[in-house]
Engineer: 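My questions all concern the structure below.
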Amino acid sequence: MPRRPRLTGAATAALALGLVAAAPATETEPPVGDARVVARFDPAAGQRPENIALEPDGSADLTFAFARTVVRVSPDGTRTTRAELPAVADPHTPLVGGAAVTGIVRAHDGTLYVNYATGTRATGVWRISPGGAPVQIAALPPDGFPNGLALDGHRGVLYAADSVRGTVWRVPAAGGPATAWARRTELRPSHAGRFGANGIKVHRGSVWVSNTDRGTLLRIPVSEDGSAGAPEIRARGLGGIDDFAFPGAGRTVLAALNGSDQVVLVRRDGGHTVVLTEADGLAGPTAVAVRGRTVYVPGAAYRTERDPNLLLARLRYHFGRL
């Protein structure tokens, strides 16, 4: 969530097998296309999608940051409220003021986990079991801003990126005390009052984190004992980067650049290419999710204040291990 208050699923068989990327249909055809808006939201009602997780049927679970809700959007655009986080008296959340529901991930059993930033003791990671109400499973510092959230199902832990404190918190998925897993300069904003560590993903034995203020994408190896290795900067020049996703089994990334209304393809060498823009329907993109060849991009329209939406596009070829 950069600026004011801001689906990944199983890979296809081809991705799982690590097939090399097939050539596009033509040399000039972009890797992402056929964009369309499948749902539009009402900003006056606080319907600004901040983050996304995908259901097996292709539905999207979206956090509406300042409406304090998780909403499920079906493939045909039908919306149902999945959960509402409790109201907080006198919230004084860093960076944004009001209480905000930010990152979301889904476990294989359908359990959802979300970050809740409030400036109070309610700040932390919350669990939403199928059919259940939200329950706080870990407290995080009230003076921080837990933003992106990632799940390592193999280790049974969650990672939360703190945009204020420049920290990645590690939380047992079953619940329990949070520990500062990584606390580095590379995770902090370069200027006070801005968003540092933001999006976060677990991918091939590493934790990847975006830093919005620095415009960087970081890779932090996970050691055998579970501790954090030294971070490495995988890409620079990604101004306003928010959350991101991996379209294949390699290190190619699709990243949402909130401030410029773009989605970019970040290559292994750190270079990047714009693949979606405002002309395609983007409205302040806050996250990216990929299921097979379908790309999901929620947009909160924080900058323009108009047309928050959920956009779907299509990958035109497999990325495999690129």
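Side-chain atoms are counted along with the backbone in the values below, which use heavy atoms only and exclude waters and symmetry mates.
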Engineer: Report yes if some heavy atom in the side chain of Val164 is under 4.5 Å from a heavy atom in the side chain of Leu95; otherwise report no.
Structural biologist: yes
Engineer: Using residues 175-187 as the side-chain source, report each donor-acceptor pair under 3.5 Å to any protein atom, sequence neighbours left out, with the distance given to one decimal.
Structural biologist:
residue, atom, partner, partner atom, Å
Trp181, NE1, Gly226, O, 2.7
Arg183, NE, Thr167, OG1, 3.4
Thr185, OG1, Arg188, NH1, 3.1

Engineer: Rounded to the nearest 0.5 Å, how far apart are CD1 of Ile52 and CZ of Arg106?
Structural biologist: 13.0 Å
Engineer: With no hydrogens and no angle check, is any side-chain donor or acceptor of Thr277 less than 3.5 Å from a backbone partner on Ala279?
Structural biologist: yes
Engineer: Does Lys201 make a cation-pi contact with Phe244, if we ask for NZ or CZ under 6.0 Å from the ring centre and within 45° of the axis?
Structural biologist: yes
Engineer: Check whether any side-chain N or O of Thr63 sits under 3.5 Å from a backbone N or O of Thr102 as a donor-acceptor pair, and report yes or no.
Structural biologist: yes
Engineer: Measuring from Arg79:CZ to Ser74:OG, what's the distance to the nearest 0.5 Å?
Structural biologist: 9.5 Å
Engineer: With sequence neighbours excluded, what pairs up with Thr120 under the side chain to side chain donor-acceptor pair (under 3.5 Å) test?
Structural biologist: Thr118
Engineer: Find out whether Pro49 and Pro308 are in side-chain contact, i.e. whether some heavy atom of one side chain is under 4.5 Å from a heavy atom of the other.
Structural biologist: yes
Engineer: Are the side chains of Thr294 and Leu312 in contact, using a 4.5 Å heavy-atom criterion?
Structural biologist: yes
Engineer: Should Trp126 and Leu112 be regarded as members of a common hydrophobic cluster, given that ILVMFWY residues are connected when their side-chain heavy atoms come within less than 4.5 Å of each other, either directly or indirectly?
Structural biologist: yes
Engineer: Do Val275 and Pro30 have side chains that approach each other closer than 4.5 Å (heavy atoms only, starting at C-beta)?
Structural biologist: no
Engineer: Pick out which of Asn211, Thr216, Leu217 makes a side chain to side chain contact (heavy atoms under 4.5 Å, CB included) with Ile233.
Structural biologist: Thr216
Engineer: Under the side chain to side chain donor-acceptor pair (under 3.5 Å) rule, what pairs show up with a residue in residues 127-144, not counting sequence neighbours?
Structural biologist: Asp143-Arg165
Engineer: So how far is it from Leu254 CG to Leu315 CG, rounded to the nearest 0.5 Å?
Structural biologist: 6.0 Å
Engineer: Report the distance from atom CG of Asp90 to atom NE2 of His92, rounding to the nearest 0.5 Å.
Structural biologist: 5.5 Å
Engineer: If I take atom CG from residue Leu218 and atom OG from residue Ser210, how far apart are they, to the nearest 0.5 angstrom?
Structural biologist: 8.0 Å
Engineer: What do you reckon, is CZ of Arg204 surrounded by more than 12 foreign heavy atoms closer than 6.0 Å?
Structural biologist: yes
Engineer: Considering residues at least two apart in sequence or located in another chain, which fulfil the salt bridge (Lys or Arg N to Asp or Glu O under 4.0 Å) criterion with Glu232?
Structural biologist: Arg219, Arg234
Engineer: Could you give me the CA-CA distance, side-chain angles and deciding distance for Phe246 and Phe319, then say whether ring pair (Phe, Tyr, Trp, His ring centres under 6.0 Å) is met?
Structural biologist: CA-CA 9 Å; Phe246 293 88; Phe319 285 85; over 10 Å; no
Engineer: Give a yes or no on whether Arg314 atom CZ has more than 12 heavy-atom contacts from other residues, nucleotides or ligands under 6.0 Å away.
Structural biologist: yes
Engineer: From Asn51 CG over to Asn147 CG, what is the distance, rounded to the nearest 0.5 angstrom?
Structural biologist: 8.0 Å
Engineer: Using a 4.5 Å cut-off on heavy atoms from C-beta on, say whether the side chain of Leu62 contacts that of Val73.
Structural biologist: yes
Engineer: In chain order, what residues pass the side chain to side chain contact (heavy atoms under 4.5 Å, CB included) check against Val37, with sequence neighbours excluded?
Structural biologist: Arg40, Asn309, Leu311
Engineer: Linking Ile, Leu, Val, Met, Phe, Trp and Tyr through side-chain heavy atoms less than 4.5 Å apart, which residues share a cluster with Leu149?
Structural biologist: Val105, Tyr113, Val125, Ile137, Leu140, Leu151, Leu158, Trp169, Val171
Engineer: Quick one: do Ile200 and Val222 end up in the same hydrophobic cluster if we chain Ile, Leu, Val, Met, Phe, Trp and Tyr together by side-chain heavy atoms under 4.5 Å apart?
Structural biologist: yes
